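Comments concern the structure below.
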Protein chains: 2
Amino acid sequence: MDPHLLRTYVTVARLASFSEAARELGYTQSAVSQHIAGLEQDLGAPLLTRRPVRPTAAGERLLEHAGPLLLRLDAARADVLRMASAPEHGLTLAVTPTALGPRTVAALPAAGVTLRALARADIPAAVATGAADLGLVDGLAAPSDPLRLPDVAPLTTCGVAEEPVCVLLPAAHPLARRPGLRLADLVDARWLDAPGAGLPLDRLHTAVGAGGVRTALRYEGTDLRTLTTLAAAGHGLTVLPHSFTTDVPGAVAVPLVAPRLVHRTELIHGGALRGPAAALAQELTERHGD
Amino acid sequence: MDPHLLRTYVTVARLASFSEAARELGYTQSAVSQHIAGLEQDLGAPLLTRRPVRPTAAGERLLEHAGPLLLRLDAARADVLRMASAPEHGLTLAVTPTALGPRTVAALPAAGVTLRALARADIPAAVATGAADLGLVDGLAAPSDPLRLPDVAPLTTCGVAEEPVCVLLPAAHPLARRPGLRLADLVDARWLDAPGAGLPLDRLHTAVGAGGVRTALRYEGTDLRTLTTLAAAGHGLTVLPHSFTTDVPGAVAVPLVAPRLVHRTELIHGGALRGPAAALAQELTERHGD
DNA sequence: GAGGTACATCAGTGTTGCTTATCGACAGTG
DNA sequence: CACTGTCGATAAGCAACACTGATGTACCTC
């Protein structure tokens, strides 16, 4: 199970071609063929069907393992390398759109910051591999409850903010006048599924049961403005942290009172914080404590 | 970053000796020395001090990565190998002491089961590497909230039981007559820290703040009877699922009403369930649903 | 300072892992 | 139905690698 073999395996599976994978990896087609043969012999089972090239059942399973495995490997290498190298001057911050609340924005230093918006699931990986110095992830959680993050590497997380979550309803919605909403009131509603821009709905799923959250429209972009516009136009409900629900024309934000969920933002970083990253982390965490 | 090099690195670090590690791994001392040198050259930083042999700062960091990494690697190999081999007859179940509630015990088949009691953190690893067919892990969580498990491999989890948690108090304790307890009532109390037998206290930590849960006595065994005896004798409080708190002489169990936590048990398994493992998993999950 | 222990280094060698070259299987084409 | 191009498997050759065994060197003990 040499990582090199694993790497060629995943590229072969991705490209569905031995020769293409060889080109991409800088090997000859022969070498790739031998890699796969070696892996299959090592594991005692065929991993790919040939012609067309497609993973077998065992191959599918291996693919599920291989991604995180190679990611961790990269993360480990990057992490140790980072310790030896000098601290850079710039500061790169990996964030989700909804993780950048007003308080966080205020804490950013005046210059020298690069913001990198990523999907929620990619932020730990970015921090682990050193693509970002710090990460800000957000999500729904029970009050003072840590978020569930994929652990690609030994990372440190600490909460930096918690605020109420609101349901964004069109102004004309029958429930828009309510002071607070229970999720149970909304079993018949349709939701906006916007994994890139909004908050993930899976937390609502677990709270209300699998069938309870039905999605009306899926938005694959990362723009919050679009999301709120869609919500105002009645294409579906969405949940957002309170500070993101002010000034949305045509829509009303009603706090979600049950289940007791908060919008939680966590700062995540690798081992040793140095330079401007340390200062920002200090700034962000000192108020919240947690 | 060859896994072989990583493996010799961790054994050298563990044994604090090149020669000892060589003996354990079946290499010559020379080979081990070359492995470490290769790794250090690859990463561009010394990983170990010699005489005495001890990890450097970068080495410590690498150690944190190496364990999970090698574990995942083993898990991947075992998982794929399992798909190719025939299903065995026996059924091995990895459990924590408090995960085996009365309903779970009732569902076990009459014969052919091996129970393996492990530390909470080792159960995912055992299931991932195939040391056990199924795992039962428990812990404290918000109602209908999944547990936080270390992800060593792509595993499937599903809830099988939730029940109230109780605080076990000596019968003479001033709060023993209360119908229910809030964690806030217990800020002055001392706790039993029993990671092997009882439930982990870290969940209480997050609920009440870092300083709020102070431990009086640490018990490193895995025997629940000892734990309840210690609690009854006033050596500290402990939290247990309700069904484990009946018939404890000299102690009274009072439900914990705030924060809203339940004792949750989850079944965890690898990819494809076959043979008796599938039957048991079916039996355990069909009632609870989740 | 002699002896012992423990890690580093060097030379030698068998194995591995790659490349080039060739083959067989298959699909599209005239 | 042969012709041709593509794709993966296989064979042979060669260079690099990863071991072993022997030797070197630092440090600790007595």
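Note that the structure is predicted; figures quoted are calculated from it, not measured. A note on names: the letters A, B, ... follow the listed sequences, proteins ahead of strands, and every chain is numbered from 1.
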Can you find a donor-acceptor pair, distance only, under 3.5 Å between A/Ser30 side chain and D/dT10 base? yes
For A/Tyr27 and C/dC18, is the shortest distance between a side-chain N/O and OP1 or OP2 below 4.0 Å? yes
Protein-nucleotide distance (B/Arg23, atom CZ; C/dA6, atom C1'), rounded to Å: 11 Å
Under 3.5 Å donor-acceptor pair, B/Gln29 side-chain atoms to D/dT20 base atoms: no
Need to verify one output field. Residue with the more 5' nearest nucleotide on DNA chain C, B/Ser33 or A/Leu5? B/Ser33
Do NZ/NE/NH1/NH2 and the carboxylate oxygens of B/Glu24 and B/Arg14 come within less than 4.0 Å? yes
Just checking B/Val32: base, sugar-phosphate only, or nothing, at a heavy-atom cut-off of under 4.0 Å? nothing
Rounded distance in Å - CZ (A/Phe18) to P (C/dC23): 21 Å
Take atom CD of B/Gln41 and atom C1' of C/dT9, then tell me their distance rounded to the nearest Å. 13 Å
Pair A/Asp74-A/Thr129, side-chain donor/acceptor within less than 3.5 Å: no
Output the rounded distance in Å from CG (B/Asp42) to P (D/dC17). 13 Å
Taking the side chain of A/Ser19 as its heavy atoms from C-beta onward, which of D/dT20, C/dT19, D/dG8 lies nearest to it? D/dG8
C/dG17 C1' sits how many Å from A/Ile36 CD1, rounded? 15 Å
Carboxylate-amine/guanidinium proximity below 4.0 Å for B/Arg7 and B/Asp2: no
Between B/Asp42 and A/Arg77, does at least one N-O distance fall below 4.0 Å, as a salt bridge requires? yes
Quick one: A/Leu48 CG to D/dC7 P, roughly how many Å, whole number? 16 Å
If only side-chain N and O atoms of B/His35 are considered, is one of them under 4.0 Å from the OP1 or OP2 phosphate oxygen of D/dC19? yes
Find the distance A/Arg7:CZ to C/dC18:P and express it as a whole number of Å. 10 Å
Length of the line joining A/Asp2:CG and D/dC17:C1', which is rounded to integer Å: 13 Å
Looking at C/dC7, D/dG8, D/dA11, which one has an atom nearest to any side-chain atom of A/Gln34? D/dA11
Between D/dT20, D/dA9, C/dC18, which nucleotide gets closest to the side-chain atoms of B/Ala31? D/dT20
Does atom CZ of A/Arg50 have more than 12 heavy-atom neighbours from other groups under 6.0 Å away? yes
